[in-house]
Amino acid sequence: MPRIVVKGGSRPPWVGLAAAVWVELSAGNAYNFPLYSSTLKSVLGFSQQQITLLGVANDIGENVGLLPGIACNKFPPWAILLMGVVLCFFGYGLLWLAVSQTIETLPFWLLFLALVIATNSNAWFGTAVLVTNMRNFPLSRGSVAGILKGYVGISAAVYTVLYGMVLNHSATRLLLFMALGLPVICLLMTYFIRVCTPASGEDSSVHGHFVFTQTASVLLAIYVSVISITSDLVSLSDAVSYILIAIMVVFLMSPLVIPIKMTLFPSDSKTTIPPAGSSDNLVREEVDSTQTYPLLTPSSSATNLGNFYENENENDDVQMLLAMGEGAVKKKRRPRRGEDFKLHEAFVKADFWLLWFVYFLGVGAGVTVLNNLAQIGTALGVDDTTILLCLFSFFNFAGRLGSGAVSEHFVRSKTIPRTVWMACTHVLMVFTFLLFASALNGTLYAATALLGVCYGIIYSLLVPTASELFGLKHFGIIYNFMLLGNPIGALLFSALLAGHVYDAEAAKQGSSSCLGAECFRLTFLILAGVCGLGSILSIILTVRIRPVYQMLYSGGSFRMPQASDH
């Protein structure tokens, strides 16, 4: 296992979080599919079912992250990011060659593979920054997940602004930017994304820093949404457009204010000794910045998350020696919920599959609309779907950020499991899909906004929930396995269901394009039923895991389960 330097001090985690914002924006490139899918269809002459299949490729690449999940336990973050850079460059580079017709008549299967490769960069980008920051802020998992996933959500609006104000609505230029610009951004951030001494989660200044970061991200989301809509309604000069883009960049750099403030105005407050048994012990030891540790070595969160960089073999050896002295060797028991699970150990847990199906049903339904948003808008009489995408992006961001903050508050104050909010979200999605199916005047925008909120909530809450139930030690691989629900849902609900229904209705109209509410009505009704099932499973899961959350948060802050005998 390679050894890496653990960065000491209180500022590096916040520097890494600020850098992670840019990486997560790059990791949202899959949301751009609606911006160039129409160009793929017209330039390359694809049918709607072929476009939906490419949408499935988009989701497969984005969410199949088993390899980065395994790699994050073996390699430092910069290596994971570098792999994402390579995939992004080659995948989008090939798509650019096809759309710009630099290379003509590329086969469909090659473009499918190129899109999988291109969007798979998101899995490497996201895994590197999410796993690293979850370990750097282990006591604030909900807040960190909400912030990072929130920036992924707002990335679609950021790209929409760039697409309209800088790239002049050119799909070719957009693909070129993603092939060259995004890899450069992520390469620049690799130095700052590193394992650090975990930050204290109970210090009031830490809470203030998170509030500042959340507020800055909300202001960014509002600003980006306003200028995106304004640029569609009013013609802006190049000079004004570039000024507005520069202001957006300033908002994106705002998280750097925290480490700058910590440098200029260092805190003199002394660290309070946390109660015994609390995971606050994570921050009691200073780690020498010159000392080297592996990114993740075997340890058990049942003892202390702070032991991520220590070897559990010492404890195992002691237990073995004691057992041998007693004339018997004790057999290790399986981990309990709240402790560290390996993937194969989590497989046999009903809660693991309940959480997977809750996520699968929710995001599978949501991504079906996202992949077909351009066609849904056209069918219902909205020709310019950039506003729809911007609307979805803003409320997707709001759902991600808000769910992280709200669930963190209630889990600490009332020990309410985060899955309660998943259940409420599925119920709201039932109403949203019925609203889509009604196709009443003006409901398309409202339904798109509601779906964005719901999609963001389910996506964001998966992160802390999985880490709380199954631990941080193998979080990367467990989290990425959960994400497989997205491409599987896209295949079943988008390609096989929505694509088939759309083409069947288009055939009735004697055209390759379908117009009218009937193009997607049956799809929306089926998805409403899917989300109804998701709400039932969410309730069952919540009842099952309520004791786990009472154990983890009984003192008002995150507490690790007591060490168990082996």
Side-chain angles (χ1 to χ4, degrees), residues 28-42 48 51-52 54-55 58-59 152-165 167 169-171 174 221-234 363 365-400 428-429 431-457 459 490 493-494 498-499 502 513-521 523-524 527:
N29 62 67
Y31 288 120
N32 290 327
F33 183 73
L35 295 178
Y36 61 85
S37 62
S38 297
T39 303
L40 286 174
K41 186 175 182 180
S42 60
Q48 180 58 31
I51 292 298
T52 52
L54 288 178
N58 189 74
D59 297 316
V152 176
I154 199 59
S155 64
V158 173
Y159 286 120
T160 301
V161 168
L162 293 174
Y163 179 70
M165 300 176 68
L167 304 176
H169 294 89
S170 170
L174 175 64
I222 295 172
Y223 175 78
V224 170
S225 300
V226 168
I227 64 173
S228 177
I229 295 172
T230 302
S231 64
D232 274 345
L233 300 177
V234 180
V363 298
V367 79
T368 299
V369 173
L370 183 60
N371 285 350
N372 295 277
L373 194 57
Q375 289 72 33
I376 291 171
T378 302
L380 297 179
V382 178
D383 293 327
D384 186 1
T385 57
T386 55
I387 294 180
L388 285 176
L389 182 61
C390 184
L391 196 65
F392 180 92
S393 174
F394 175 80
F395 284 95
N396 181 24
F397 159 80
R400 293 179 185 224
L428 182 58
M429 289 181 76
F431 170 77
T432 300
F433 282 116
L434 293 177
L435 197 61
F436 269 118
S438 70
L440 298 174
N441 290 334
T443 58
L444 178 59
Y445 293 100
T448 301
L450 285 174
L451 187 65
V453 172
C454 296
Y455 188 80
I457 290 173
Y459 207 109
F493 303 138
S494 182
Y502 181 95
S513 298
C514 182
L515 298 176
E518 295 301 324
C519 300
F520 289 95
R521 176 167 287 155
T523 299
F524 291 143
L527 293 180

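This structure is a prediction, so every number in the text was calculated from the model and none was measured.
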(message) Evaluate Phe524 against Val369 for side chain to side chain contact (heavy atoms under 4.5 Å, CB included), listing each step before the verdict.
(response) CA-CA 9 Å; Phe524 291 143; Val369 173; 4.0 Å; yes
(message) Taking Val224's backbone N and O only, do any of them form a donor-acceptor pair with Ser228's side chain (distance below 3.5 Å, no angle check)?
(response) no
(request) Using the six-membered ring wherever Trp is involved, compare the ring planes of Tyr455 and Phe392 and label them parallel, tilted or perpendicular (cut-offs 30° and 60°). (result) tilted
(request) Check side chain to side chain contact (heavy atoms under 4.5 Å, CB included) between Phe431 and all other residues, then give those that pass, not counting sequence neighbours. (result) Leu428, Leu435, Leu450
(message) Tell me the closest heavy-atom pair linking Ala498 and Thr523, and the distance in Å.
(response) CA-OG1, 3.6 Å
(request) Using side chain to side chain contact (heavy atoms under 4.5 Å, CB included) as the criterion, list what pairs up with Ala171, not counting sequence neighbours. (result) Tyr36, Thr39
(request) Quick one: list whatever passes ring-ring contact (aromatic ring centres under 6.0 Å, His included) with Tyr163, sequence neighbours left out. (result) His169
(message) Testing the basics here: between Ala490 and Asp59, what is the closest heavy-atom pair and its distance to 0.1 Å?
(response) CB-OD2, 3.1 Å
(request) Taking side chain to side chain contact (heavy atoms under 4.5 Å, CB included) as the test, write out the residues that go with Val453, two or more places apart. (result) Phe395, Ile457
(request) Kindly give the heavy-atom pair with the smallest separation between Met429 and Leu451, and that separation in Å. (result) CE-CD1, 3.9 Å
(message) Walk me through whether Leu54 and Ser37 qualify under side chain to side chain contact (heavy atoms under 4.5 Å, CB included).
(response) CA-CA 9 Å; Leu54 288 178; Ser37 62; over 6 Å; no
(request) Hey, could you give me the OG1/CG distance between Thr160 and Leu174, rounded to the nearest 0.5 Å? (result) 9.0 Å
(request) For residues Ser513 and Lys41, report the shortest heavy-atom separation together with the two atoms involved. (result) OG-NZ, 4.1 Å
(message) Do Phe33 and Leu40 make a side-chain contact, defined as non-hydrogen atoms from C-beta onward lying under 4.5 Å apart?
(response) yes
(message) With no hydrogens and no angle check, just 3.5 Å: does a side-chain donor-acceptor pair link Ser494 and Asn372?
(response) yes
(request) Output all residues satisfying side-chain hydrogen bond (donor to acceptor under 3.5 Å, both in side chains) with Asn32, sequence neighbours left out; order by chain, then residue number. (result) none
(message) Using the ring-ring contact (aromatic ring centres under 6.0 Å, His included) criterion, which residues pair with Phe520? Sequence neighbours excluded.
(response) Tyr502
(request) For Phe493, check ring-ring contact (aromatic ring centres under 6.0 Å, His included) against everything at least two apart and list the hits. (result) Phe360
(request) Could you list the residues that satisfy side-chain hydrogen bond (donor to acceptor under 3.5 Å, both in side chains) with Thr448, not counting sequence neighbours? (result) none
(message) The criterion is ring-ring contact (aromatic ring centres under 6.0 Å, His included); which residues satisfy it with Phe397, sequence neighbours excluded?
(response) none
(message) Holding to side chain to side chain contact (heavy atoms under 4.5 Å, CB included), I want the full list of residues that pass it with Ala517, two or more places apart in sequence or in another chain.
(response) Leu380, Ala439, Arg521
(message) Determine whether a donor-acceptor pair (N or O, by modelled atom type, separation under 3.5 Å) exists between the side chain of Ser155 and the backbone of Val152.
(response) yes
(request) Return the minimal non-hydrogen interatomic distance between Phe394 and Ile154, and the atom names on each side. (result) CA-CD1, 4.0 Å
(request) Would you please name every residue forming a side-chain hydrogen bond (donor to acceptor under 3.5 Å, both in side chains) with Asn58, sequence neighbours left out? (result) none
(request) Return the minimal non-hydrogen interatomic distance between Pro34 and Leu370, and the atom names on each side. (result) CG-O, 3.6 Å
(request) Any chance you could measure Leu388, atom CG, to Ile376, atom CD1, to the nearest 0.5 Å? (result) 9.0 Å
